[in-house]
Protein chains: 2
Amino acid sequence: MTIGELARASGFRVETIRYYEREGLLPRAHRWRDNNYRDFDKEALARLHFVRRAKAAGFTLREIRELLDLSLTPGEACGEVEALLSRKLAELDRRMAEMHRMRENLAALLASCRAGEAEGACPVLRAMRQ
Amino acid sequence: MTIGELARASGFRVETIRYYEREGLLPRAHRWRDNNYRDFDKEALARLHFVRRAKAAGFTLREIRELLDLSLTPGEACGEVEALLSRKLAELDRRMAEMHRMRENLAALLASCRAGEAEGACPVLRAMRQ
DNA sequence: CTGGACCCTGAAGTCAACTTCAGGGTGTAG
DNA sequence: CTACACCCTGAAGTTGACTTCAGGGTCCAG
Ligand SMILES: [Zn+2]
Ligand SMILES: [Zn+2]
Ligand SMILES: [Zn+2]
Ligand SMILES: [Zn+2]
């Protein structure tokens, strides 16, 4: 698979894929010997799917790389794998709690906006003004 | 109120407040005539509280400035406020759903790691390349 | 054999949201 | 008087995650 095909299949741009390779999120791609073009396999596509999901969940590239590095750790380091995984889980829970608070904040603002509409004065705007 | 007092009252750093003023999140402060020190009023503190809440709700500075600008245009800006709020709410919901999926992913990974430990082979690698 | 789509590299640029720096004034306690 | 906390400005630096650029090679339909 050329980098362009991988880009179309993954939804990441060509430049982003090269950048991810540089940053260690993808293994260095094997090259087509005579033209030096990268040649990706299905695993690269699976990784990019994982990267997309992880990004959507709010992980930084560094964290995603750590997770991916875990997957390369052989079974013997199972304890470390577990430790890192549960640390990430705890972090995720913290972030999810934070998001819940944000959501409640936002929903309250929206509700007060709608409630104030009847009275002709937006309480959100009023709150900002005064 | 000096900028330092405002900083202590608001929890933002002095430099951040100057930055916010430059960026239009605060009106340009009135100056203490003979020494050119900024002199803030209660409204500035109220704005900073609003900025903090909005940031906590996930708004960018640009969006916060948009909200503040809406509050300066008299009339029915309420609809726009609502639009901005519900757009943000939808975005937040999307991200929360992603995080939930990611959490289940990681939890399953951790469980399978623990289960696989007995058999001497860590299934993490397989799970992540699925 | 040519034009256009595609590939390569290393370096520099961008954006948000700040922070730090350089180089200077002000106010007050001791 | 002077040390020291506080204030000022404009500019440059930081971080993360890319994107754009400069300056090339490659492949293939017509
Ligand atoms: Zn409203
Ligand atoms: Zn409304
Ligand atoms: Zn669930
Ligand atoms: Zn394991």
Side-chain angles (χ1 to χ4, degrees), chain A residues 1-41 44-45 47-69 91 95 98 102, chain B residues 1-41 44-45 47-48 50-69 84 88 91 95 98:
Chain A
M1 202 185 331
T2 70
I3 196 170
E5 287 162 350
L6 180 59
R8 279 184 296 273
S10 68
F12 286 105
R13 303 181 46 166
V14 166
E15 298 83 4
T16 307
I17 293 174
R18 281 197 281 252
Y19 168 68
Y20 283 177
E21 190 192 72
R22 268 204 309 286
E23 296 296 302
L25 273 86
L26 289 174
R28 324 224 72 193
H30 159 247
R31 302 302 181 105
W32 261 44
R33 194 63 184 109
D34 48 344
N35 72 12
N36 198 36
Y37 286 10
R38 288 173 179 83
D39 183 20
F40 294 95
D41 52 12
L45 183 55
R47 269 197 180 215
L48 287 181
H49 285 325
F50 179 81
V51 169
R52 183 168 297 288
R53 292 205 316 280
K55 271 169 59 68
F59 287 92
T60 65
L61 291 195
R62 174 205 299 250
E63 290 169 328
I64 295 171
R65 192 176 39 209
E66 278 174 29
L67 284 171
L68 288 168
D69 288 351
E91 258 174 58
R95 276 206 292 253
E98 171 90 5
M102 279 184 196
Chain B
M1 201 182 341
T2 70
I3 196 170
E5 288 163 348
L6 181 59
R8 280 186 293 276
S10 68
F12 286 105
R13 304 184 45 169
V14 167
E15 298 82 5
T16 307
I17 293 174
R18 280 198 281 253
Y19 168 69
Y20 283 177
E21 189 191 73
R22 267 202 312 284
E23 295 296 302
L25 273 87
L26 288 175
R28 325 224 71 192
H30 161 247
R31 301 303 179 107
W32 204 268
R33 191 69 181 102
D34 49 345
N35 74 14
N36 198 36
Y37 286 11
R38 288 173 180 83
D39 183 21
F40 294 96
D41 52 12
L45 183 54
R47 266 193 182 218
L48 287 181
F50 178 80
V51 169
R52 182 168 297 288
R53 290 207 315 283
K55 271 169 61 70
F59 287 92
T60 65
L61 291 196
R62 175 204 297 254
E63 290 168 329
I64 296 171
R65 195 175 36 207
E66 275 172 33
L67 281 173
L68 290 169
D69 288 350
L84 201 52
K88 218 56 196 171
E91 200 181 302
R95 293 228 306 134
E98 273 306 333

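Each chain gets a letter, A, B and so on, in the order the sequences are listed, and its residues count up from 1.
- Between the CD atom of B/Glu15 and the P atom of D/dT14 there is a distance of 17 Å, rounded to whole Å.
- Screening residues 9-35 of chain A for ring pair (Phe, Tyr, Trp, His ring centres under 6.0 Å) gives A/Phe12-A/Tyr20 as the qualifying pairs, with residues at least two apart or on separate chains.
- Partners of B/Glu23 under the side-chain hydrogen bond (donor to acceptor under 3.5 Å, both in side chains) rule, at least two apart in sequence or in another chain, do not exist in this structure.
- Taking the side-chain hydrogen bond (donor to acceptor under 3.5 Å, both in side chains) definition, one finds that A/Arg38 meets it with A/Glu21, sequence neighbours left out.
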* Per-nucleotide protein contact string for nucleotides 3-17 of chain C (B base, S sugar-phosphate only, - none; heavy atom under 4.0 Å) -> ---BSSB------SB
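- In this view, A/Ala54 and A/Phe50, A/Phe59, A/Ile64, B/Met102 satisfy the side chain to side chain contact (heavy atoms under 4.5 Å, CB included) rule, not counting sequence neighbours.
- To the nearest angstrom, P of C/dG25 lies 16 Å from CG of B/Asp34.
- Within the structure, every pair that satisfies the salt bridge (Lys or Arg N to Asp or Glu O under 4.0 Å) test and touches residues 3-13 of chain B, not counting sequence neighbours, is listed here: B/Arg13-B/Glu15.
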